[in-house]
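Below: one structure, written as structure tokens.
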4 protein chains.
Amino acid sequence: MDKKQQILATALRMFVEYGFHGTATAKVAQEAGVANGTLFHHYKTKDELVLAIYVWIKDELEASLAAITHDSDFITPKFKTIFTATLHWALQNRGKFYYLRQFELSPHYANVPTGDNQTILDRLIAEGIRRKILRTHPAELILTLYNNHVFGLYQYITQADLEPNKQTAIISEGYEMIWGMLKYA
Amino acid sequence: MDKKQQILATALRMFVEYGFHGTATAKVAQEAGVANGTLFHHYKTKDELVLAIYVWIKDELEASLAAITHDSDFITPKFKTIFTATLHWALQNRGKFYYLRQFELSPHYANVPTGDNQTILDRLIAEGIRRKILRTHPAELILTLYNNHVFGLYQYITQADLEPNKQTAIISEGYEMIWGMLKYA
Amino acid sequence: MDKKQQILATALRMFVEYGFHGTATAKVAQEAGVANGTLFHHYKTKDELVLAIYVWIKDELEASLAAITHDSDFITPKFKTIFTATLHWALQNRGKFYYLRQFELSPHYANVPTGDNQTILDRLIAEGIRRKILRTHPAELILTLYNNHVFGLYQYITQADLEPNKQTAIISEGYEMIWGMLKYA
Amino acid sequence: MDKKQQILATALRMFVEYGFHGTATAKVAQEAGVANGTLFHHYKTKDELVLAIYVWIKDELEASLAAITHDSDFITPKFKTIFTATLHWALQNRGKFYYLRQFELSPHYANVPTGDNQTILDRLIAEGIRRKILRTHPAELILTLYNNHVFGLYQYITQADLEPNKQTAIISEGYEMIWGMLKYA
DNA sequence: CATGAATGAGTTTTCATTCAT
DNA sequence: GATGAATGAAAACTCATTCAT
């Protein structure tokens, strides 16, 4: 398990730094301190490794959001909690958050097995629309706009290299913006 | 000249379909109907080709926006005009618009020579902030949020494969959203 | 013992289907339902496995011929019996017979330990020549022509996919041919 | 062209000595005095190279037989001429002849494009059967037995390492044998 | 301007074999 | 005996780039 996890972490770091194609599997193995063949013993192909990292990060973010919300929470504050927590997580896990975007905009995204596993956010949006707390738009549209807004803020904050308190202020502003944009009436 | 343009167009199509690394220069040359060496006769390196396509598309979009606006326009309607025109252009030039995103999120973006050539949108936002028509935020933040919103709408419309009239309706809605989000007070 | 035999049988099948080099030991182990290391526990190298299969089949064919002949038989009918039995055995054990050829034409053949263990056929030919029932040619020549004739018939019958009665007829014809070719005067 | 032919000749020699799988393309390129990539510039895959060699040899043998026969020849002497010439060619081009067998018994044989290009021998056998000069068997059977007989003689002569005059004598004997076996009545 | 043969470093992947448990 | 994770040396193949014509 140790080596497997070591490969995962090293690959993540290198993929973020050099891109998928810019990172040779041999280099990953070397930096992870394992033999070339060991990487392929655990992940049959490079694509499989790329996907495994995505699932790992996705699960981790989801778990971190699950830890601070409850099904019984009211929708409006829950929305704020999730938005804020996501951005803070993103800023404390920049490599991981960047990886998610990099992956989702790449052809690799097509390899994700399509289960019906809805995320907390998926369910929240669906319920918010149904209860007329969010605008009556297709959930898919709301989700897409939300994600792009979150990524936009992340992009700005990281590129402008803001101080922590400024970061919190912007996140707060950003929340007001998206809420004003998506809330019902 | 013919061959040069042929290479450009073919490369654009293939880069969008297979990605930068997934597209071999030899394949581009072949599909463009020119010899391997001809491609390198016009563009010294693959990176140079990738950049040339970006500049070409960027200029084309800018020219198309320039054709429908004037420096003397009022800011508020001009903002709407540009937003709407950009999205329509994106939907009629999907490959080109997608290329812009692909390029800007890639390490290639660092190769763009940093001139002070501001776009129409850059100038509009700067002036909007100065005149307190747009929120008093850093121009960079406003621009980032704007761009991500535009791309989010583009993503939704293309993935949902909407009919033309639905497209126009969503673009109109999308405009109201971003305007509500960015306008002063 | 069970596992050892299981490995042998699985390897035979796969070597015939994919060739020696085309068959990975890991795949053999997997299909045989044993662990990777178990294969190497029983056979020190892949070459050793390849050889073991050859010896196994060779012994089986020899035993099957021994069961229907006696040292005291007359040479002429014994020749016919052996020829006919060999071909029938070959057609009922196609994989095994094909393996023998595949092995003997490969560099692996050099690994067979050279004992003086003569086969029934070897002894029969030697005696036939000595007693002037077979042509006075080097035994090696007669054996080679015999083997190629047998394989030729096998090739034709399997490729033409003949019905059982046709098979018997061809084998009979084939016997007349080789006998006419090799018998004395 | 020079390099292409150089690759072909080198690969032939190495495939005969080490087998298809035992010969690395990198080694072929090295021995042929060309770069690794050059080999793949001329032959897209190793399989394509293997096939190209087969076609080359096959054509060469066919041309050599065509040079000493005429369509108007009588069948019986033509048969002898071809048989004898084939064996002499085989003994003077041992690598090439061995390659043909090696190839035809391998899975590569399935890659040969199935045209209707009949060889001289194919046509001769078909006509011999029709005119009742050869036994009334399926042409395929006659051809298979013929080929195996030729290869058997080749095998014996090369393994016994006979002197030239002995070779000629055995070939002559071998002709009588196959003719006795295949001629009508 | 245009060509396409030639290059060789680099890539992913395979695989027989070992060894600690 | 049995296991399967670990190994690392190959292997086939790719590809941006050069250059003589």
Side-chain angles (χ1 to χ4, degrees), chain A residues 1-4 7 20-30 32-50, chain B residues 1-4 7 20-30 32-50, chain C residues 1-4 7 20-30 32-50, chain D residues 1-4 7 20-30 32-50:
Chain A
M1 301 307 126
D2 210 26
K3 299 215 169 184
K4 200 169 172 180
I7 291 167
F20 298 126
H21 281 274
T23 306
T25 54
K27 292 278 177 62
V28 172
Q30 193 189 349
V34 303
N36 219 318
T38 304
L39 190 154
F40 286 92
H41 179 68
H42 291 291
Y43 305 97
K44 274 200 289 290
T45 63
K46 188 180 183 180
D47 276 14
E48 198 173 305
L49 172 61
V50 167
Chain B
M1 304 308 123
D2 209 27
K3 300 212 169 187
K4 195 168 175 179
I7 290 167
F20 298 125
H21 280 273
T23 306
T25 53
K27 292 275 178 63
V28 172
Q30 192 190 347
V34 304
N36 217 320
T38 306
L39 189 153
F40 285 91
H41 183 67
H42 291 290
Y43 305 97
K44 273 202 290 290
T45 65
K46 188 183 184 180
D47 276 12
E48 199 174 305
L49 172 60
V50 168
Chain C
M1 304 307 123
D2 209 27
K3 300 213 169 188
K4 197 168 176 180
I7 291 167
F20 298 126
H21 280 274
T23 306
T25 52
K27 292 275 178 63
V28 172
Q30 193 190 344
V34 305
N36 217 320
T38 305
L39 190 153
F40 285 90
H41 183 67
H42 291 290
Y43 304 97
K44 271 202 292 289
T45 65
K46 188 182 184 180
D47 277 11
E48 198 174 306
L49 172 61
V50 168
Chain D
M1 302 307 127
D2 210 28
K3 300 215 169 187
K4 200 169 172 180
I7 291 166
F20 298 126
H21 281 275
T23 306
T25 53
K27 292 277 176 63
V28 172
Q30 193 188 349
V34 303
N36 219 315
T38 305
L39 189 153
F40 286 93
H41 178 68
H42 291 292
Y43 305 97
K44 274 199 288 291
T45 63
K46 188 180 183 180
D47 276 13
E48 198 174 305
L49 173 60
V50 167

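Computation of the quantities below employed the complete heavy-atom set of this structure, encompassing side-chain atoms and omitting hydrogens, waters and symmetry-equivalent molecules. Quick note on labels: first sequence line is chain A, next is B, and so on, each numbered from 1.
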In sequence, state the C-alpha distance, the side-chain angles, and the governing distance for Val50(D) and Tyr43(D), and then conclude on side chain to side chain contact (heavy atoms under 4.5 Å, CB included). CA-CA 9 Å; Val50(D) 167; Tyr43(D) 305 97; over 6 Å; no
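Heavy atoms only, all atoms of each residue included: Ala29(A) and Ala35(A) are closest at CB-O, 3.9 Å. The minimum heavy-atom distance linking Lys46(B) with His21(B) is given by the pair NZ-CA, 4.2 Å. A pairwise comparison of heavy atoms in Thr25(A) and Leu39(A) identifies O-CD1, 3.7 Å as the closest pair.
Side-chain N/O atoms of His41(D) include none lying less than 4.0 angstrom from OP1 or OP2 on dT7(E). Here Lys3(B) reaches the OP1 or OP2 of dT3(E): one of its side-chain N or O atoms lies under 4.0 Å away.
For the P atoms, the distance from dT21(F) to dC1(E) is 23 Å, rounded to whole Å.
You'll find that the side chain of Ala35(D) is closest to dG8(E), out of dT3(E), dG8(E), dC1(E).
For the pair Leu39(B) CG and dC15(F) P, the interatomic distance rounds to 14 Å; values are reported in whole Å. To the nearest angstrom, P of dA6(E) lies 10 Å from NZ of Lys4(D). As rounded to whole Å, 14 Å separates atom C1' of dT14(F) from atom CD of Gln30(B).
When both pairing distances are held under 3.5 Å, dA20(E) makes a Watson-Crick or G-U pair with dT3(F).
The closest donor-acceptor contact from the side chain of Lys3(A) to the backbone of Gly33(A) lies at 3.5 Å or more, if one exists at all.
Between Ile7(C) and Lys4(C), every side-chain heavy-atom pair lies at or beyond the 4.5 Å cut-off.
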Generate the contact string for nucleotides 13-21 of chain E. Rules: B means base contact, S means sugar-phosphate contact only, - means no protein heavy atom under 4.0 Å. BBSBBB---
